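One structure is given below, encoded as structure tokens.
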Number of protein chains: 2
Amino acid sequence: MKTLRVPEATVSRLSIYSRFLERLDKNGITTVSSGEIADGVGVSPAQVRKDLAYFGDFGTRGVGYNVKDLLKYTLKILGLDQEWPLAIVGAGNLGFALCTNRSLSIRGFRIAGVFDNNSTRVGKRIGNLEIKPLAQFPEIVKKENIRIGVIAVHTSLAQEVADIMVKSGMQAILNFSPATINVPDGIEIRNVDLSIKLELITFNLGLRTAQNL
Amino acid sequence: MKTLRVPEATVSRLSIYSRFLERLDKNGITTVSSGEIADGVGVSPAQVRKDLAYFGDFGTRGVGYNVKDLLKYTLKILGLDQEWPLAIVGAGNLGFALCTNRSLSIRGFRIAGVFDNNSTRVGKRIGNLEIKPLAQFPEIVKKENIRIGVIAVHTSLAQEVADIMVKSGMQAILNFSPATINVPDGIEIRNVDLSIKLELITFNLGLRTAQNL
DNA sequence: ACAATTATTTGAAAATTATAACAAAAGTTA
DNA sequence: TAACTTTTGTTATAATTTTCAAATAATTGT
């Protein structure tokens with residue numbers, strides 16, 4: 001099988017294209033050019049074509065891309081032609097926000113379990129989901145066939161939670177804490193860091209004032 | 001002034017090094033080598049040295065880096081030797097989570113204003129902060145000297161909120177909605193997308209099953 | 001004081017990623 | 001049908017980023 005390596009940045013942009021296509025489709029637009037996609041999401045047309053070319057010839061020269069088809073392809077490529085159940089550990093404010101976040105559910109993610117060890121939280125409900133004690137994590141993720149775990153606990157507990165996730169057979173972990181998590185090879189770990197982007201901003205604003213721009 | 005361009009990836013990693021150093025310092029460790037930093041945060045030692053070298057010669061050959069000093073330098077470089085007041089628009093679950101998030105405050109960010117147009121939310125308090133109507137945004141950010149706006153509203157309102165932020169003189173915007181935001185040149189926009197990383201995961205898990213790894 | 005060791009600097013090489021240019025294909029018009 | 005326009009897919013070029021390797025500096029132990 002020819003599995004040419006795709007840059008991660010390309011996959012991330014594919015997510016963005018995909019959502020843009022969703023919007024076009026919702027607005028009844030049937031055809032779109034690389035240039036229009038580029039304008040819509042803020043990249044160059046060449047980039048759009050190059051990115052899509054990794055996965056196949058989806059367009060028609062002189063015409064552009066069929067919105068519905070390309071949307072279907074991008075979703076398929078991203079693995080979003082199926083529902084992905086998630087297990088969130090940490091039912092604090094962030095965990096709560098994630099559970100109720102619409103942009104996740106729209107894209108095919110379903111919160112299938114929320115866990116916490118804080119006794120004031122366990123037993124309470126978020127939507128129609130009951131917060132379970134962490135001890136039930138292994139059992140529930142097995143029953144629900146969950147492969148992706150989400151860490152939404154405080155930094156100091158993050159590694160511990162990750163270990164439990166690994167032991168319970170999670171194949172991928174999305175970590176919202178600023179901690180650096182260690183996992184065995186073969187397990188995918190991704191971090192969403194709330195302050196890294198802010199620090200990128202302060203770095204740049206700092207430069208700006210330094211140079212009086 | 002010699003302002004050699006620093007890769008964005010380098011700045012992001014600097015944030016990570018900086019937090020690692022904070023932890024070392026807290027544990028009373030005074031000296032650290034590039035290899036130890038590398039192990040701690042999951043990059044290569046060469047990468048650590050190269051990244052730090054953009055900003056100066058902080059290390060001593062044969063010894064390594066002084067933790068306290070390097071921490072101070074990294075914070076300074078990132079602009080975190082001062083407090084940054086933030087204005088959050090959107091007091092839903094995500095906005096609430098951001099307001100109460102400790103990892104932001106630890107790094108010198110202070111939520112100086114929370115805004116919403118939902119009348120069920122306006123007037124309520126998050127901690128010791130009162131949720132204000134969006135109409136008061138221009139006035140308050142001026143008074144509080146806020147340069148960074150945070151978008152935590154639903155996708156459909158994101159651009160509108162960004163426009164208000166720009167008009168009110170924000171120099172940078174951190175956008176938590178999956179919308180693509182357009183801002184004039186000179187204004188910095190950064191996106192934190194909750195589902196892009198998840199879709200990167202599903203892409204990779206998809207490949208994995210496709211190849212039976 | 002000197003060798004041995006450790007670990008940074010520095011600069012070059014390699015790899016990766018993005019940009020630009022262009023030929024090929026499809027549709028359109030005369 | 002032939003010329004023209006549009007827009008893709010692809011190849012080539014450029015820029016960026018990471019890795020590697022040699023040179024240098026400080027420390028420790030003998």
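Nothing here was measured: the structure is a model prediction, and the numbers come from that model. Letters A, B, ... are given to chains in the order of the sequence lines, protein chains preceding strands, and every chain is numbered from 1. When reading the values below, keep in mind they use all heavy atoms of this one structure, side chains included, and skip hydrogens, waters and symmetry mates.
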Result for 5'-nearest mapping on DNA chain C, choosing between A:V63 and A:T10, is A:T10
Comparing nearest nucleotides in DNA chain C, the 5'-proximal residue of the pair A:G62, A:R13 is A:R13
Whole-Å distance, B:L70 CG to C:dA7 P, equals 16 Å
Of the candidates C:dA18, C:dT8, D:dT8, the side chain of B:S34 sits closest to C:dT8
Of the candidates C:dT10, D:dA26, C:dT19, the side chain of B:T60 sits closest to D:dA26
Between the CZ atom in A:R13 and the CD1 atom in B:I196, the distance rounded to the nearest 0.5 Å is 10.5 Å
B:L14 atom CG is separated from D:dT17 atom C1', nearest whole Å, by 16 Å
Ranking D:dT18, C:dT9, D:dT10 by distance to the side chain of B:A9, first place goes to D:dT18
Quick note, A:R5 side chain, CB onward, closest among D:dC20, C:dT17, D:dT17 is C:dT17
A:L52 atom CG is separated from C:dA18 atom P, nearest whole Å, by 14 Å
Taking it one step at a time, do B:R190 and B:E8 satisfy salt bridge (charged side-chain N to carboxylate O under 4.0 Å, His left out)? CA-CA 12 Å; B:R190 300 280 162 183; B:E8 220 163 79; 2.8 Å; yes
A:E36 atom CD is separated from D:dT8 atom C1', nearest whole Å, by 13 Å
Here the distance between atom C1' of D:dT16 and atom CD of B:E8, to the nearest Å, is 12 Å
- Taking B:K197 for the side chain and A:N191 for the main chain, is one N or O donor matched with an acceptor at less than 3.5 Å? yes
Output yes when at least one side-chain N/O atom of B:Q47 is less than 4.0 Å from OP1 or OP2 of D:dT19, else no.
yes
Closest to the 5' end of DNA chain D, once A:K50 and A:D57 are matched to their nearest nucleotides, is A:D57
Testing D:dT7, C:dA21, C:dT8 for proximity to the side chain of B:S33, the answer is C:dT8
In whole angstroms, the gap separating P of D:dA21 from CZ of B:R49 amounts to 13 Å
**Asked** Between B:R107 and B:S15, does any side-chain donor sit less than 3.5 Å from a side-chain acceptor?
**Response** no
B:Y54 atom OH is separated from C:dT10 atom P, nearest whole Å, by 13 Å
Of the listed C:dT17, C:dT8, D:dT18, the closest approach to the B:R61 side chain comes from C:dT8
In whole angstroms, the gap separating P of D:dT19 from CG of B:D51 amounts to 10 Å
Of all heavy-atom pairs linking A:I126 and A:A91, the shortest is CD1-CB, 4.4 Å
